[in-house]
Structures are given as structure tokens and as C-alpha cells.
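Input: a single structure, listed below in C-alpha cells.
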Amino acid sequence: MADQRHTVALLLEGTYPYVSGGVSSWVHDIIRGLPDFGFTLYHIAAREDLPLEQRYTLPDNVAGLSTVFCAGAPSSPLDARGREKVEAEIRQARKSAEKAGPHSRLLAALRALHLDTPIDRALLQDLATADLDVPTLLYGRQSFDLVCELADTIAPKAPFLDFFWHFRSMHLPVLRLLHSPGPVSDVLHAVSTGYAGLVGAVHSVRSGRPLLLTEHGIYSRERDMELGRVSWLRASPGADVDGVEQLRRFWSHFFVRLSQLTYMQASTIVTLSEVNRKKQLADGAPDAKIRIVPNGVDLDAITPPPSTPDRATKGVLRVGFVGRVVPIKDVITLIKACHVARQSIDLEVDLIGPDSEDPEYANRCRLLVEQLHLQDTVRFVGPRPAKELYAGLDVVVLTSQSEGQPLVILEAYAAGLPVIATDVGACREMIEGRTDEDRRLGPSGIVTHMATPPETAAALVRLARDPQLRQTMGIAGRSRVRDFYRRDRLIDAYREMYGSLAERR
Amino acid sequence: MAGIGWKLQRLIDRDTLAGQLAAYMTGVAVTSAPWLLTTAVLVVLRLTSSGETAAELSIAEQLMTWIYAITLILCAPIQVVASRYAADRLYDLKIEGLAPTLRRILAATLVGFMIVGIILVAVADVNRQLAGLGVGLTVIVGAQWLMLSVGGGLCSPSVVLRAYAIGAPISVVCALAFERGVGLGGSGYMAGFALGQLVALSLLIAGTFRALPAGEDESARIAPAFRTYWMLGAAAFVYHLAIWSDKVAVWLVAGGRAAQVYTTAAAFAWLSVIPAFAWIYVQVETVFYQRYRLFYDGIEGGATLDELRSWSKGIAAEARRIVRGAALIQLLVSGIALAAATTFMHKAMLGDSMVPTFRLLLVGSALLVVTLLGLLLLSYFDRRRDSLIVAIVLLVANLGLTLLAAEAGVSPAFGYVGGCAIGCGLSLLLVRRSLESLLVETFQSQPFR
């Protein structure tokens, strides 16, 4: 039993307790599973003006929740007086910047971060000084010299105006976070790299507390994928393809470097799957620090429906998607797959989960359903109580573009359902098995390529036409959870890691 | 500004001597024609006035000098802000809001300068006839400055030229006719002069409003522009105060008559800047403006850092070329004027004793035109604070050094030269600093919330 007095600061970026989803559920489970530890939550949110609605009731062992924002609220257009005031502030800031002198260790560290200087403890210590304030970054001469140096080196073909604003947008959160009061605890636990990892690494250096890192998805890869889609990289009318690509790489590389910083400072790096371990190694994580701790579910809490083989007796395949309706889940591909599959089989598809995180994307999905005349087939049912998530379903589909080790799959297995999932994150090893022993259980679903509606449709048709296969896969899935993905093992692993790290300090 | 620049560029693009000449003559017309013609009228009147009413004419002349000085100083901020407002509306393609705004500000100017005129004639303590005419002339001249600043940029230079080409002869003829023909003396002289100027103003108003579109936006307001550009307005006000401060210093130390002679000599000396002024105007409105736009349009259009560096260097090179060119032209003209100083003073009936002072005033004017170029360039880069600093330094230096020189018993023009040299040096220094830091200033001055 760990010492009652041990506290853990969970460093969370855009997740628990304000966003529901896999990572948030995992965090909630860890906290509830370890009542003998005290937790403080350090939540990093995007912008001050965006509303934050708590999606979870915090367990009793959560001592505090602090939220730090990467950016303030955008200001409304200024009138003459407002402009004058801002101009005076800028002049004052520039004067202070001149006085501050040219040698900021933090600025030097940011430079090193971008210019591929080897990441070492000295770099982290420079970041930890936080000897650069926001006005100096925004208006000082030295920071502009750095903008120019980076533009010359990293993005010579990019529109400079865009690069300049990207530089500001990228580093302002860094400064805000480094200047914010750090979490106080025996152990720092970052639940991703990125900004949360940066805070963890820097405060670990400042306080001497050990840092534990758990990566569900690979943060830098997920950001890279998002950057491939965003429109704000193409802000300037004159931007050519090379320039936009250089801007994308500027961001992408920054996130990789943040990950490397966190990997360097973390005492232990927890990953969920072999696939992710390999990605972390490729991004520079030391092999000796990596430990695989798979997600887990409580098998006893989810019981499969007693008459599994007979559920599709009416000839209608009941399909469930459980997750947030957001681009990374690629719900569009699922809808298109349903359109293709409907030409061969009858099916009912429930999209179970919140659609409020990206309303524009959710609207796109709804529009596509209308355009494909799928209103009678695809339903947006919104969030459901946990116990009802899988009731009445024959198969669960996940068409994500990126995943860590989705809890949805494990929960579906626990409910005795086969899964169709894209070959991202740990999905393949969850479906086909990670070790030889695991593989001997047989496949518990079908793996498809990412963004290929015909493949997903073919898998749906196959499962609809073969109830026996569904049953076999469902049994394999439940066995897989029982043998390899148990919640109690997950909790024990973290109890052991927290305890030993807390003792080490 | 851009409109007239385009017209000038078209003339230059003809690539003929006539085209070049036409461009520079247009520059002369826009920058100097009104005061050139007005000065010419005053000189003609001075040369042809009868000796019998010399004393009364001298009072009228002094009053007119003060009217021009005070209206110019007081109208300067309105001129600058109104023309900036017009330029902003043009840039935003919202020209339809200009006519009602201009009407309102013209009305306010007329009323305002009527009050100024009343105060002025009360202080000057002139007879009732001159006082009434003085108030009228103050209103007319104040309104002229306004229309020249806004209208000059909005309509064809020919409107300005035509107004003064018609108004100036009427001023001469009527002043002489009323003074001698009708025998009204100084009052007639002033009434005739004012009549010609009223005609010029009427033509200016008619021409300017004809150039503005019929569609109107009555909701357009200029008041916010005064809040936004108050520093620019203050700089213009202080600058004009500065260029008159040496005259005030002479008046304070040596009295009205001496100040009148000094002011007349200064007005002649100022004529030497016309060629350089025209050069500056044409160059800034054409080549420099194009470089300037290339840089700023490039920023918004997706230019790379290398391109922006190259264009910013282009602007700096262009600014240096214009300063060098203006200095060279001014050197040439000032050299000729210095050599012919004695002749000028004889012709102007100011006497041999004024020759050294006139020579110093020529040097001061040469420095002042470069200072003005500096201020123009600073305003291009929106360095309002720097413009205001230059104007304040110029004012303090000019006034202080002129007073010192006058008190020391040497020509007050020594002080004027010193003040102008300080203003000139400072403006060039600040321009240089602006050009060197153009890139960093452009970007690091952007607010981020």
C-alpha cells in the first residue's frame, strides 16, 4: 500500500475533466482506482474566452484543479483611444525589453529547440529560468532577430508575415505556461508530451520532483496529422506550396522537440502498445525508460448480452461508433462506408458520443448523411450512460485517423462485440494480438486501412453475413481483455510506479 | 496622394523632356503655387504702392503677414488630419463619405477663423475698416489652407492652379484700383487683395466638390481621426509655429517694423526652395511611393523574408537618393541666390543692410526644406512621435537661438540657421533610424492579444 501522503500532479492538455473521451476516462479510472494517493489536476486549456464545462465529477482524492490558458481572449477591434493605449503599452514593453539586455537564456533555449541543437539538461535548465517575459518576446529586438534567423533557416520560402504570427502563436503559450505557478506534488505525471510534457519537464527540473510520462497517442504524430488538414497554414494569398510545407514542418518539428524534452526529463515513459513504443523510440525516447502498460477495463462491470448469436436475427446489423464526433475519428469515412454497405446489407448505425467539440465537423457529417440519404440508417444519438453504450449492438466500428489504445475497443470486447478498426495506434495488435500467446486467441475483429470506406464497408458486410464469425470474434475479444487488458493490472502498475517515484525524490 | 502620384508617374513615363518638365511643374503648382502667387501679389503691391499712404500700407501689410502666419499655424493640424482622413478614405475606397465631412469641417473652419480674426484685429489694434477686412481675410485664408490640403490631393492640380491664376491677378488689380483709383488707401489695398483671394477660394471649393462623388455618406465622421492622429496634428502645429518662431523672436526683440522687414526677407529666401520642393514632391509621390507600396503590399501578399529585406533596402536607398537629390538641387539654387543676394535685396527695397541676413535666411531655408523632407518621410513610416519630437526641437532651437542671437547683437538669422540645422540633423537622424529598423518596427509594433 502506498503512503497516504503521496501526491501526484496530473498534467493534462485539453482533456480531463473538461473533455470526455478515452484519455479522460482513463484519467478518471486511475484517480478512482488509487484512493490512497492524492491528486492535483493541472489543466492546460486553449483560450480564456472558450467556455469550460466539467464533464466528470471529481473524485474525493482530487485535492485541487488549476487551469492555465495558452492564450487570452482575442480582443475586439480597437477604437482610437484603445489603439493609443496599446501603442503606449508596446512602447513601454519595448523600452523594458531594451533594458532587459540581449541575453535571455530562455530565448537561447527556444533557438536551440528549433535549430536541432542536442537536447540536454542544460537546455531544460535554460527553459526553466523563464527569464523572458511575454512583452519582451512579442516586442523585443532580440526575439525578432530570432524570428528572422528561424525564418532564414527553417522557412525561407514561407510568407514572412505568416511565419511571424506562427512564431508568436507558438511561443506565447510556452511563456504563459513557464510563468504560471507550477504544480506542487511528490510526483509529476504528464499525460501527454506537448505543452503538458513541457510543463512537467520544466517543473521537474525546478522542483527536483520525478516526472512520469504516459503517452496514449503519440502527441507529435497526432499534431502532424492535424497540421496536414488545417486551413490557417495557408493564410497569405501569395503562399506557395513549399512555403506552406515549411510552416507545417516548423510546427511539426516543434512538437517533436517538445516530446524529446519530455522524454529526456521523464523518469519513466509509459506507452500503451508496442506500436507506440516503436514510434517513441524513433522520436528519440530512450529505450530503457519505456514501459508498456496497456489500458484496461473492468470485465466484471460489463457483461455481454446473453443471446449474442441471435441479435441480428431480423437481418439488420446494428453498428455502433462510440466516441467524439471530431475529425481525428474520421466519422466521414464511417458514413461513406455505411452508404456502400447499405447496397448489400441492412444496417442501423448509432453514432454515440458528443458532437459539441467541433460543431463544424459535426455539421459536415450531418450534411453528408442527408446527401447520401442515410437519415434512416445513421443516427446521431449523442452521449449515453456508460452502461447503455453497447446495448443492442452487433459490432463496433472505429475509423479513426489516430488512436492510442482505444478504450472503446476494450469495452466492446468486454461486451462480447467484434470490432472493425483502422490500422492506427495499437488497434491492429488489439485485434490480432500483440504476443504469440495473445495471437493464439484469434482475431477479435477486422483491421482496415485508414480512410478507405469500401474496406470498412466490406468488413461490415462480412460480419453481417456471418453471425458465427461475429460470435467467435466476440469470444476472442472478451478472452483478450481477461488475459491482457485488465483494469486492476493497470491500476496496480501505476500504484507501483507512483510509489517508487515518490520514494525516489 | 496616390492619385496625384499616378498622374505624375504618367507624365514621367512619357520619357520626354516635356513630360519630365510637366511633372515637376505640376509639383511646383501643387506645393508652391498658392503661396508663390500670393507672395508675388504682395511684392507687386509693395513695388507699385503710392508713397502717400505708405504708413497705412505698412500697417495693412503687417496685419496680412500676421493673418497668414496665424492661419497657417492654426490650420496646420486641421490640414494634416483632414488630408490623412481623406487619404484613409481613399485607401479604403470610401470616397463617398468625404463631401459631407469636408462641408462640415469647412463650416467649422469658417466660424473658427472668424473668431481668430476678431481676436487678431483686437490685439493688432487697427482701425475699424482694417479690422473688418482683417477678419474677412483671416476667414478666407484659413479656408484656403484647408481646401488646399484636402482638395489638392483629391482633385487635379489644374483646379488649384486655375484658382490662383485667376484670384492672384484680381487681388493685384483690385488692390491697386481700390488703393489708388478709388483712393481708399490701406483699407482699399487690403479689400482688393481679399477680394482676389475670395475668388481663389470660391474656385477651390467649387473645383474640389466637383471632384467628389455625388453619392454621400452622411454618417462619416472626422472627429475620431483627430483622436487617432492627434500627434500628427500636434507635429504640424508645432512645425508651423517653429518656422514662424524666429519672426516672433525678432518682433519681440526689435519691434514690428524690423520684424516686417525680416519676414519679407525670409519670404524671399523661402522662394529658393521651390525647385527642391518640387523635386521632393515628384520623387516621393512616384518612385518612393512605389517602393513603399511594394514593401507593404508584399507583407500582406505573402512575401518571404528575403524579399522584404530587399524591398526595405530599396526604400532606404530611394530615401537616400531623394535626400541627396534635394540637397544637390538646393545647393545649386542657394548658391545662385547667395551670389545674387545684393541684387535681390535692392529689388525688394529692403536695402544693403539686409544682405547678410538674407544670405543666412537662404542657408536656413535650405536646411528647413531638408527638415521638411525628413518629416515627410517620417510621416510615411507613421513615426508620429518622431515627427512631433523634430517639430518641438525645431521650435525650441529656432526660437531660443534667434532670441540669443538678437540679444547678442548679431543678426537673428544666425539663430534661425542654428535652429534649422539642429532640426535638419535630428530629422535626418530619425529618418535613418526608421529606415534601418523598418522591418523590425513594422513587425514588432504589432499588438498581440
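A note on names: the letters A, B, ... follow the listed sequences, proteins ahead of strands, and every chain is numbered from 1. Note that the structure is predicted; figures quoted are calculated from it, not measured.
Here L161(A) contributes atom CG and T442(B) contributes atom OG1; the two are 11.0 Å apart, rounded to the nearest 0.5 Å. Here the straight-line distance linking atom CG of L308(B) with atom CZ of F160(A) works out to 7.0 Å at 0.5 Å rounding. To the nearest 0.5 Å, atom CZ of residue R94(A) and atom OG of residue S445(B) are 4.5 Å apart.
Neither the backbone nor the side chain of E307(B) comes within contact range of chain A; no heavy atoms are under 4.5 Å apart. I90(A) touches chain B through its side chain: at least one heavy atom from C-beta onward sits under 4.5 Å away, while N, CA, C and O do not.
Nearest heavy-atom pair across Q446(B) and R168(A) is O-NH1, 2.8 Å. For F144(A) against L439(B), the heavy-atom pair with the smallest separation is CZ-O, 3.8 Å. The two residues C148(A) and L305(B) have their closest heavy-atom pair at O-CD2, 3.5 Å. Heavy atoms only, all atoms of each residue included: V440(B) and R141(A) are closest at CG1-NH1, 3.2 Å. F443(B) and F164(A) get closest at one heavy-atom pair: O-CZ, 3.2 Å.
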Stepwise salt bridge (Lys or Arg N to Asp or Glu O under 4.0 Å) test for D152(A) and R309(B): CA-CA 11 Å; D152(A) 282 333; R309(B) 278 198 189 111; 2.8 Å; yes
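Under a cut-off of 6.0 angstrom, the local environment of CH2 in W230(B) is sparse, with at most 12 non-hydrogen atoms contributed by other residues, nucleotides or ligands. Residue R176(A) qualifies as enclosed at atom CZ: its count of foreign heavy atoms under 6.0 Å is above 12. Counting non-hydrogen atoms of neighbouring residues, nucleotides and ligands closer than 6.0 angstrom, the CD atom of E360(A) reaches no more than 12 such neighbours.
Side-chain atoms of S143(A) and Q444(B) include a donor-acceptor pair closer than 3.5 Å.
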